[in-house]
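Below is one structure, written out as structure tokens; comments come after it.
Computed from a predicted model, the values in this text were never measured in an experiment. Both counts, for ligands and for their atoms, begin at 1 and track the order of listing.
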Amino acid sequence: MELKIALAGNPNSGKTTVFNELTGSTQYVGNWPGVTVEKKEGRLKGYNDVGIIDLPGIYSLSPYSLEEVIARKYIMDEKPNVIINIVDASNIERNLYLTTQLIETGIPVVIAMNMMDIVNKNGTIIDADKLSASLGCPVLEISALKGDGIKELAQIAIKTAKQQQEFKPLNLFDNEVEQRLQKIKGIVKKDKADFKYDLGWLVIKLFEKDDKVLKSTNLSDKSFKAIDDIIHQYEVIADDDTESIIITQRYNYIEKLMSKYVKKKTNVKLNTSDNIDRVLTNRWLALPIFFGIMWFIYWVSISTLGDYFIGWVESLFEWISGGVETVLVNAGTVDWLQSLILDGIIGGVGGVLVFVPQLMILFFFISILEDCGYMARVAFIMDRIFRKFGLSGKSFIPMLIGTGCSIPGIMASRTIENDKDRKMTIMLTPFIPCGAKLPVFAMFIAMLFSQQTWVGPLMYFMGMAMVIISGVILKRTKLFKGDPAPFVMELPQYRMPRFKGVLIHMWERVKSFMIKAGTIILVAAVGIWFLQSFSFSFKFLGGENIENSMLAGVGNVFRYLFIPLGFGDSWAGGVATITGLIAKEVVVSTFAIIGTSTNVLFSQVSAFSFMVFTLFAAPCFAAIGAMKREFGSWRWTFIAVGYQTGIAYVFAMIINLAGGLIFKNTSAVTPVVLDPSAMEGASEGSVISGDIVLIIFGVLLTIAIITGIVNAINDAQYRRNINNKKGKMIA
Ligand code: GDP
Ligand code: MG
């Protein structure tokens, strides 16, 4: 028989880490809530007939947010054989709230007290055996991060699923409530309606006036009426609504458990995390520190270290291209095939791959920030600012995820309960520059702004500023009016980034970039090459008279649209904004291909205008598709794409016009030829000397080594503690 094990727990309790340990997969683990918004399925390592399902994190089974709906629907409809409830034991009180609800479903539950490493460090003692007796289900202490207790957990879960023990209800509620629940139960039983849920659970939900459950039953009107009367009468006596009463009594029950079975070390000093937070989330310092950090990251990954490595990759591609050319020429290959391979494929795809080092460095840093817990603080800091403008800090997490790729960012907006806020977040997330826009910026920076190291970070900050500005504007419109959703977020403990984890994150992102280069970008590059190498009568132009090509024909149609933005003088700019819809990296390929046979001219001002247009305009088709899925409507998708492109157009135009006036008759408005194959040369002239690059590299290496050593020491200490504990238990 096939066994289904569901992992359920609060956001950020370590479910995905447990999932990865159990299944041996490498799903995304982030140190902030809301990372897993869809359920994921896998198989238990070593068992072919045991499926594991990683559910999105939830705080309760009352469906307030979309993820809670997904999780509850799965649990109640698919009925897994056993639920492993992952509890963040360092936050046990809040986590047990969900636990009580999971137990109520009547599905066997195994409780995994996770994060025991932190609990032990804090000196808290949890009496797992007594807790297990009270809750009527097995309680195991584990540490998913260290891989402790995972094997036992799997075994106990399988055993529990097979046992099919009689379900023992928790005595959660007081007599007053219990009496009424019994009455409702009587009514439901007599009604003989069909319901697919456990009776006890159904009764509590009816008592709580849970809409969705109410609608799913086909109780007679008479029964409904009777139940409604019971609820109404009780609400009058208790002077409170039944939902809050249930919530309060649940918490009272948990409090009782806590006082009996959990001993916290008294007078805890502010721990290291709190001390760090006093600086990093300080009212005045938080924002400058955040900007400083982001500036440093962009500066290092685009301007210094990244720029340095680009030269190497460039030479590599020149070498490959030279080799291939010799082979092709010697073999007497026809002109157009040579051109396809050299200009189309190697030029187009290579032009994009050149930026891999920069992306790797950027993602390396961002992964470190995520993993150590800083990014969760940033959401908290941003909440303070967003709130002033009527936005919710919840919107920030999707945007944070969007720095890699807008698509998971857009999907992460599901964590937002408030529908208007959620729609707005979907619309604004693409403003944060994703990994694919980076090569476009990097290309222009390398060729036109090698002295202006602030241009890279500025793109990031402009994206954020636009989110805030848009929020302020949109909140005033009828579509989005309303108070921001409350944002409650547990700040995870700071910890040393795990090197393996950081490398996995970085690799996952770079991998998807390379896959894109080998698929969609390759196809696009060949398409663009084709359009620019042939005339409308399919004559091969061979890099001459490119004005007659199909691409020029298409570009000339759109060109006029972009004249106010400063890049409409040649048709190449117009073409690139359109091809960017396929994938933003294709913009770079487009210039790389067109640049081989005609002069593409950009001044600093028009290049900046182009960058800003790319930053804000409609994202790629894949992201537009994701927006459509999350909005669930074409109308909203059109509104969003129209808004993004409109903003992009207006801002690029302002930049072009204002820039033209301010920098009149200076080099900033003098067009230069954009030659993507000359990026190396550009970086040579940069102010950053090789020494600085080496110093930064050295510092990074040192940090890497130190974190490695500290982690190793921590691990050793932890093992010792565990062994001591085990020793005591045996003795
Ligand atoms: P999810 O949101 O429940 O899926 O949680 P994740 O698996 O994404 O984990 C959230 C964070 O907690 C990540 O930073 C994990 O590395 C961390 N984490 C998970 N398990 C443990 C553990 O046992 N100990 C510690 N210290 N951290 C953990
Ligand atoms: Mg997760």
Side-chain angles (χ1 to χ4, degrees), residues 6-23 25-40 42 52-59 65 67-68 70-71 83-92 94-95 98-99 111-122 124 126 140-150 152-153 271-273 366-377 379 397 400-401 408 412 414-415 489-505 508 707 710-711 714-715 717-719 721-722:
L7 301 181
N10 285 14
N12 219 30
S13 58
K15 289 177 304 303
T16 304
T17 315
V18 173
F19 178 82
N20 287 348
E21 285 283 332
L22 289 175
T23 60
S25 62
T26 50
Q27 289 293 346
Y28 196 87
V29 175
N31 195 7
W32 68 69
V35 172
T36 314
V37 288
E38 270 183 333
K39 61 182 205 299
K40 297 208 174 70
I52 311 268
I53 298 98
D54 182 20
L55 295 173
I58 48 175
Y59 291 109
S65 68
E67 318 136 277
E68 289 180 349
I70 296 175
I83 300 171
I84 297 183
N85 173 210
I86 312 286
V87 165
D88 173 357
S90 65
N91 248 316
I92 181 165
R94 183 177 47 98
N95 279 246
L98 174 69
T99 308
I111 299 176
M113 291 279 168
N114 191 24
M115 315 251 181
M116 281 310 290
D117 51 326
I118 295 178
V119 173
N120 290 337
K121 214 188 236 164
N122 292 346
T124 307
I126 298 173
L140 267 94
E141 301 190 353
I142 66 165
S143 167
L145 196 68
K146 319 255 170 190
D148 274 325
I150 298 288
E152 294 89 318
L153 178 63
N271 64 22
T272 332
S273 259
I366 292 189
S367 303
I368 289 185
L369 290 189
E370 284 173 9
D371 211 46
C372 72
Y374 180 66
M375 280 306 197
R377 268 79 188 173
I397 289 173
L400 214 54
I401 298 177
R414 288 185 198 171
T415 49
M489 178 170 162
E490 292 293 325
L491 291 185
Q493 300 263 324
Y494 282 108
R495 55 193 176 86
M496 278 289 172
R498 301 254 126 193
F499 229 61
K500 193 175 130 208
V502 168
L503 290 185
I504 289 178
H505 279 191
E508 289 289 317
T707 50
V710 172
N711 279 335
N714 271 345
D715 268 352
Q717 231 163 26
Y718 175 76
R719 299 270 155 223
N721 286 344
I722 290 274

Whether Gly9 lies under 4.0 Å from ligand 1, heavy atom
no
To the nearest 0.5 angstrom, please state how far the [atom1] atom of [X] sits from the [atom2] atom of [Y].
{"X": "Asp54", "Y": "Asn20", "atom1": "CG", "atom2": "CG", "value": "8.0 Å"}
{"X": "Ser143", "Y": "Ile150", "atom1": "OG", "atom2": "CD1", "value": "8.0 Å"}
{"X": "Ile118", "Y": "Asp88", "atom1": "CD1", "atom2": "CG", "value": "6.5 Å"}

Is there a donor-acceptor contact under 3.5 Å from the side chain of Asn85 to the main chain of Ile111?
no
For Thr124, what residues pass the side-chain hydrogen bond (donor to acceptor under 3.5 Å, both in side chains) criterion, not counting sequence neighbours?
none
Mind checking whether Val18 and Ile84 have side chains closer than 4.5 Å, heavy atoms only?
no
Please indicate whether any nitrogen or oxygen in Asp371 is less than 3.5 Å from any nitrogen or oxygen in ligand 1.
no
Nitrogen or oxygen of Ala144 less than 3.5 angstrom from that of ligand 1
yes
List ligand 1 atoms under 4.0 Å from Thr17, heavy atoms only on the residue side.
6 (P), 7 (O), 9 (O), 15 (C), 19 (C)
As an exercise, identify every atom of ligand 1 less than 4.0 angstrom from a heavy atom of Ile118.
26 (N)
Any heavy atom of Asn12 under 4.0 Å from ligand 1? The part involved is both
Taking heavy atoms and a distance under 4.0 Å, where does Thr16 meet ligand 1: side chain, backbone, both or neither?
both
